[in-house]
Amino acid sequence: MKTFSTLGLVTAIALSSVACSDAEPTQQAVEAGDRAKQLAQQYMIVDTHIDVPYRLRDDWEDVSKATQRGDFDYPRAVAGGLNVPFMSIYIPAALERTPGASYQLAHELIDGMEALVWRAPEKFGMAYSSADAERLFAQGKIGIALGMENGAPIEGKLENLQTFFDRGIRYITLSHSESNHIADSSYDLRKQWNGLSPFGKELIVEMNNLGVMADISHVSDDAFWQTLEITKTPVIASHSSLRRFTPGFERNMSDDMIVALAKNGGVIMINFGSSFVTQQANRYNDMIRPQIDAIRAELGDSEEADAKIAELRGKNPYPFATLEQVLDHIDHVKALVGIDYIGIGSDYDGVGDSLPVGLKDVSTYPNLVQGLLDRGYSEDEIGKILSGNLMRVWKAVESYAAAH
């Protein structure tokens with residue numbers, strides 16, 4: 001979520017109108033068949049990373065109805081079969097520099113999700129537990145679960161962990177685009193803790209005891225390995241993909257890390273953002289940004305500069321990934337460690353206009369199911385990817401907490 005400069009998405013967003021028109025027609029359209037649509041409705045779909053709360057803070061719309069913008073609203077979620085979106089309580093890294101700011105924003109974003117449920121109780125309910133998620137699914141409602149993206153609101157106080165647990169937070173992404181008081185970030189060259197901070201190590205223990213899943217998306221490799229050494233419960237990567245397809249991109253997971261995650265019993269939730277999926281998209285900004293900067297340096301903020309930049313963008317549209325390339329990530333995890341460690345963490349409403357052809361919003365999960373069917377996945381395997389694996393982890397974390 002919101003790491004556009006690092007991920008090469010600032011330019012992607014700026015190029016959206018050109019890239020969509022120039023790139024997509026060359027790529028095969030995806031259309032889910034009846035069986036795929038039926039399976040998407042039959043099985044619970046859990047997506048562990050959707051950035052609706054921060055989207056609505058910046059640009060409010062009533063997502064209980066059809067909306068003009070964004071990747072999520074109720075009608076599209078129903079069409080796609082989405083049952084349990086983990087709404088991201090996203091906290092910008094810079095807020096940690098202002099005492100109390102992260103804590104306040106986290107409460108405001110949670111308030112927004114509770115207000116959505118209060119506004120449309122016939123459509124939504126709060127999913128504070130795996131049992132809530134299953135109950136709401138049986139009732140035909142969308143269960144709003146909450147994950148905190150960036151542990152900055154904890155502010156070094158274990159009592160704040162309890163506070164946010166009481167408000168519904170069920171996973172915490174330990175850090176984000178910068179190292180914080182809990183853990184180093186994969187994006188931050190300053191590895192101030194060489195992994196987890198002393199407080200971060202203490203926090204993992206308390207998260208286990210309370211029933212909060214530890215999310216290792218965004219953290220440095222050292223922080224990942226240290227988390228696995230400490231945790232007594234399975235962990236998740238709430239929205240990561242595979243480094244095998246994006247060499248050098250620490251934000252994604254290496255094969256060794258995926259093997260270790262599987263031994264821990266955890267799950268990697270595949271991120272749909274194109275820069276997570278293909279090397280071409282991942283390096284796009286590195287290619288085009290220097291050329292844009294050179295034009296601005298020569299011509300300044302002028303109409304001539306704008307025209308030259310538009311021409312550059314027209315000749316170099318953003319290289320959207322495809323559904324097939326997302327499926328390649330799933331295939332690789334299955335071949336590496338088996339079917340039991342794969343889930344969905346789309347990053348809808350978080351990665352801007354960088355989503356793959358065929359997976360543009362929450363109505364398109366049936367396309368993913370169709371792709372899995374086409375590649376020979378069984379219905380049982382598809383059910384595990386859609387929700388079964390994540391629900392197993394959630395229940396394991398709850399069971400450990402109940403015993404402690």
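Heads up: numbering here begins at 1 and tracks the sequence.
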Does anything in residues 367-404 pair up under ring pair (Phe, Tyr, Trp, His ring centres under 6.0 Å), and if so which pairs, sequence neighbours excluded? Phe86-Trp394, Tyr400-His404
Which residue pairs pass the ring pair (Phe, Tyr, Trp, His ring centres under 6.0 Å) test when at least one of the two sits in residues 121-170, sequence neighbours left out? Tyr74-Phe124, Tyr103-Phe164, His107-Phe164
Salt bridge (charged side-chain N to carboxylate O under 4.0 Å, His left out) with Lys191: which residues, sequence neighbours excluded? Glu250
If the condition is salt bridge (charged side-chain N to carboxylate O under 4.0 Å, His left out), which residues does Glu311 pass it with, not counting sequence neighbours? Lys315
Pairs meeting criterion salt bridge (Lys or Arg N to Asp or Glu O under 4.0 Å) with involvement of residues 156-166, two or more places apart: none
Sequence neighbours excluded, the answer for side chain to side chain donor-acceptor pair (under 3.5 Å) partners of Asp73 is Thr67, Arg76
Mind checking ring pair (Phe, Tyr, Trp, His ring centres under 6.0 Å) for His332 and listing every partner two or more places apart, or none if nothing turns up? none
Taking side chain to side chain donor-acceptor pair (under 3.5 Å) as the definition, give me every residue that meets it alongside Ser240, ordered by chain and number, with sequence neighbours left out. Ser217, Arg251
Who passes side chain to side chain donor-acceptor pair (under 3.5 Å) against Ser130, sequence neighbours left out? Glu398
What residue pairs, at least two apart or across chains, pass salt bridge (Lys or Arg N to Asp or Glu O under 4.0 Å) with a residue in residues 316-332? Glu324-Arg375, Asp328-Arg375, Asp331-Arg375
In short, salt bridge (Lys or Arg N to Asp or Glu O under 4.0 Å) pairs touching residues 117-127 with sequence neighbours left out are Asp62-Arg119
Sorted by chain and number, sequence neighbours left out, side-chain contact (heavy atoms from CB on, under 4.5 Å) with Ile230 holds for Leu196, Lys201, Ile204, Val205
